[in-house]
Amino acid sequence: MSSELVQKTADYVKLKLYNEPTGHDWYHVERVWRTAKNLQVEEGGDLELLELAALLHDLGDYKHYDLDQSKGFLVLRAMMDILGIEEEREEKIIAIIDEAQYNGTETQVPKTIEGKILQDADWLDAIGAIGIARTFATGGQIKRVIHDPRRNLRQRLSKEAYRHRKIEGTSFNYFYEKTLKLPEMMNTKNGKALAMERAKFVERYMQEFLAEWEGKK
């Protein structure tokens, strides 16, 4: 494996995701890729394997394949074949991406350092100013309402509920149900510090949102 493959993969992903409208676009992947490399400096692990997993982590997203992750991974394998990634490394990449996914209260701590770094890097992009924008963009795409004070918070989200019943919640409640829980779930020291700082911004935004919603400002 060489850095040529990483760049080839980056070019391929950029072509595939450039105009994706929900914030799972090329720029999201690029940020996750950059953050993962930064975290790897302190945490270690196979850098090239991590880079490939970071670049490919959204190409087999179950949301694009009838909410069926097995279909998504079949498509991802075909894409990796096109890129010329060796079969043994394909299996490792699939495993890293799979273990790094958020599954509500059933989310697992990844077994590998590459999975832990990818999980942190991906979650960091769900927190802060960009995370807020991505939450509302995705909410609009799946026809989820912005806010409804009559809808109660879902205290526990199973994997099934998180993946298949997103529309039952609201985009604003999503900040409580997922976003603000992420800092405590981070795996790396630097990832946790960044997440906590970004979460403070989300909390300030939420206070402003509610003040305007309720006509107090």
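Because the structure is a prediction, the values reported are computed rather than measured.
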> Taking C-beta and beyond as the side chain, do K14 and V29 meet within less than 4.5 Å on heavy atoms?
Replying inline: no
> With a 4.5 Å limit on heavy-atom distance, are the side chains of I96 and L50 in contact?
Replying inline: no
> Cut-off 3.5 Å, side chains only: do Y174 and K178 have a donor facing an acceptor?
Replying inline: yes
>> With side-chain contact (heavy atoms from CB on, under 4.5 Å) as the criterion, how do I132 and F201 come out once you've worked through the C-alpha distance, each side chain's angles and the decisive distance to 0.1 Å?
In response: CA-CA 10 Å; I132 291 170; F201 177 84; 3.8 Å; yes
> Which heavy atom of M196 sits nearest a heavy atom of P183, and at what distance?
Replying inline: CG-CB, 3.9 Å
> If Ile, Leu, Val, Met, Phe, Trp and Tyr residues are connected whenever their side-chain heavy atoms lie under 4.5 Å apart, and connections chain through other members, are L47 and V41 in the same group?
Replying inline: no
>> Looking at every non-hydrogen atom in both residues, tell me the closest pair between E208 and E212 and how far apart they are.
In response: OE2-OE2, 2.6 Å
>> Measuring from atom CG of N103 to atom CG of L157, what distance do you get when rounded to the nearest 0.5 angstrom?
In response: 11.0 Å
> Are Q7 and T9 linked by a side-chain donor-acceptor pair shorter than 3.5 Å?
Replying inline: no
>> Could you check whether any side-chain N or O of T35 sits under 3.5 Å from a backbone N or O of V32, counting only pairs where one atom can act as donor and the other as acceptor?
In response: no
Validation: residues 110-122 side-chain donor-acceptor distances under 3.5 Å, sequence neighbours left out:
residue	atom	partner	partner atom	Å
T112	OG1	E99	OE2	2.5
T112	OG1	G115	N	2.9
E114	OE2	D46	N	2.8
Q119	OE1	N187	ND2	2.9
Q119	NE2	A100	O	3.4
Q119	NE2	Q108	O	3.4
D120	OD1	N187	N	2.9
D120	OD1	N187	ND2	3.0
D120	OD2	N187	N	3.2
D120	OD2	T188	N	2.8
D120	OD2	T188	OG1	2.7
D122	OD1	H28	NE2	3.2
D122	OD1	H57	NE2	3.4

>> Using 0.5 Å steps for rounding, measure from the OG atom of S3 to the CD atom of E48.
In response: 7.5 Å
> Can you find a side-chain donor-acceptor pair between T170 and R151 that sits under 3.5 Å?
Replying inline: no
>> With a 4.5 Å cut-off on side-chain heavy-atom distances among I, L, V, M, F, W and Y, is there a chain of contacts connecting V109 to L39?
In response: no
> Side-chain contact, heavy-atom cut-off 4.5 Å: L210 with Q207?
Replying inline: no
>> Looking at every non-hydrogen atom in both residues, tell me the closest pair between E177 and Y102 and how far apart they are.
In response: O-OH, 3.9 Å
> What closest approach, in Å, do A53 and I93 show between heavy atoms, and which atom pair accounts for it?
Replying inline: CA-CG2, 4.1 Å
> In Å, rounded to the nearest 0.5 Å, how long is the span from CD1 of I142 to OG of S171?
Replying inline: 7.0 Å
>> Side chains of L59 and V75, heavy atoms from C-beta outward: is any pair under 4.5 Å?
In response: no
>> Could you tell me if the side chain of Y176 sits less than 4.5 Å from the side chain of K181, heavy atoms only?
In response: no
> Taking C-beta and beyond as the side chain, do D25 and N19 meet within less than 4.5 Å on heavy atoms?
Replying inline: no
> What residues, two or more places apart in sequence or in another chain, satisfy ring pair (Phe, Tyr, Trp, His ring centres under 6.0 Å) together with F136?
Replying inline: F175
> Any side-chain heavy-atom pair from E42 and K189 closer than 4.5 angstrom?
Replying inline: no
> What's the spacing between R34 CZ and D125 CG if we round to 0.5 Å?
Replying inline: 9.0 Å
> Considering all heavy atoms of both residues, which atom of W26 and which atom of A10 are nearest to each other, and what is their separation?
Replying inline: CZ3-O, 3.6 Å
> Sub-3.5 Å donor-acceptor pair from the side chain of R144 to the main-chain atoms of E168, do we have one?
Replying inline: no
>> Salt bridge check, E87 against K92: does any charged N sit closer than 4.0 Å to a carboxylate O?
In response: no
> Has the side chain of E4 got a donor or acceptor atom that lies under 3.5 Å from a matching backbone atom of V6?
Replying inline: no
> Are F73 and L49 connected in a single hydrophobic cluster, I mean Ile/Leu/Val/Met/Phe/Trp/Tyr linked by side-chain heavy atoms less than 4.5 Å apart?
Replying inline: yes
>> Side-chain heavy atoms nearer than 4.5 Å, only ILVMFWY residues, links allowed to pass through others: does that put L15 and L55 together?
In response: no
>> Give me the atom names and distance for the closest heavy-atom approach of L182 to A126.
In response: CD1-CB, 4.1 Å
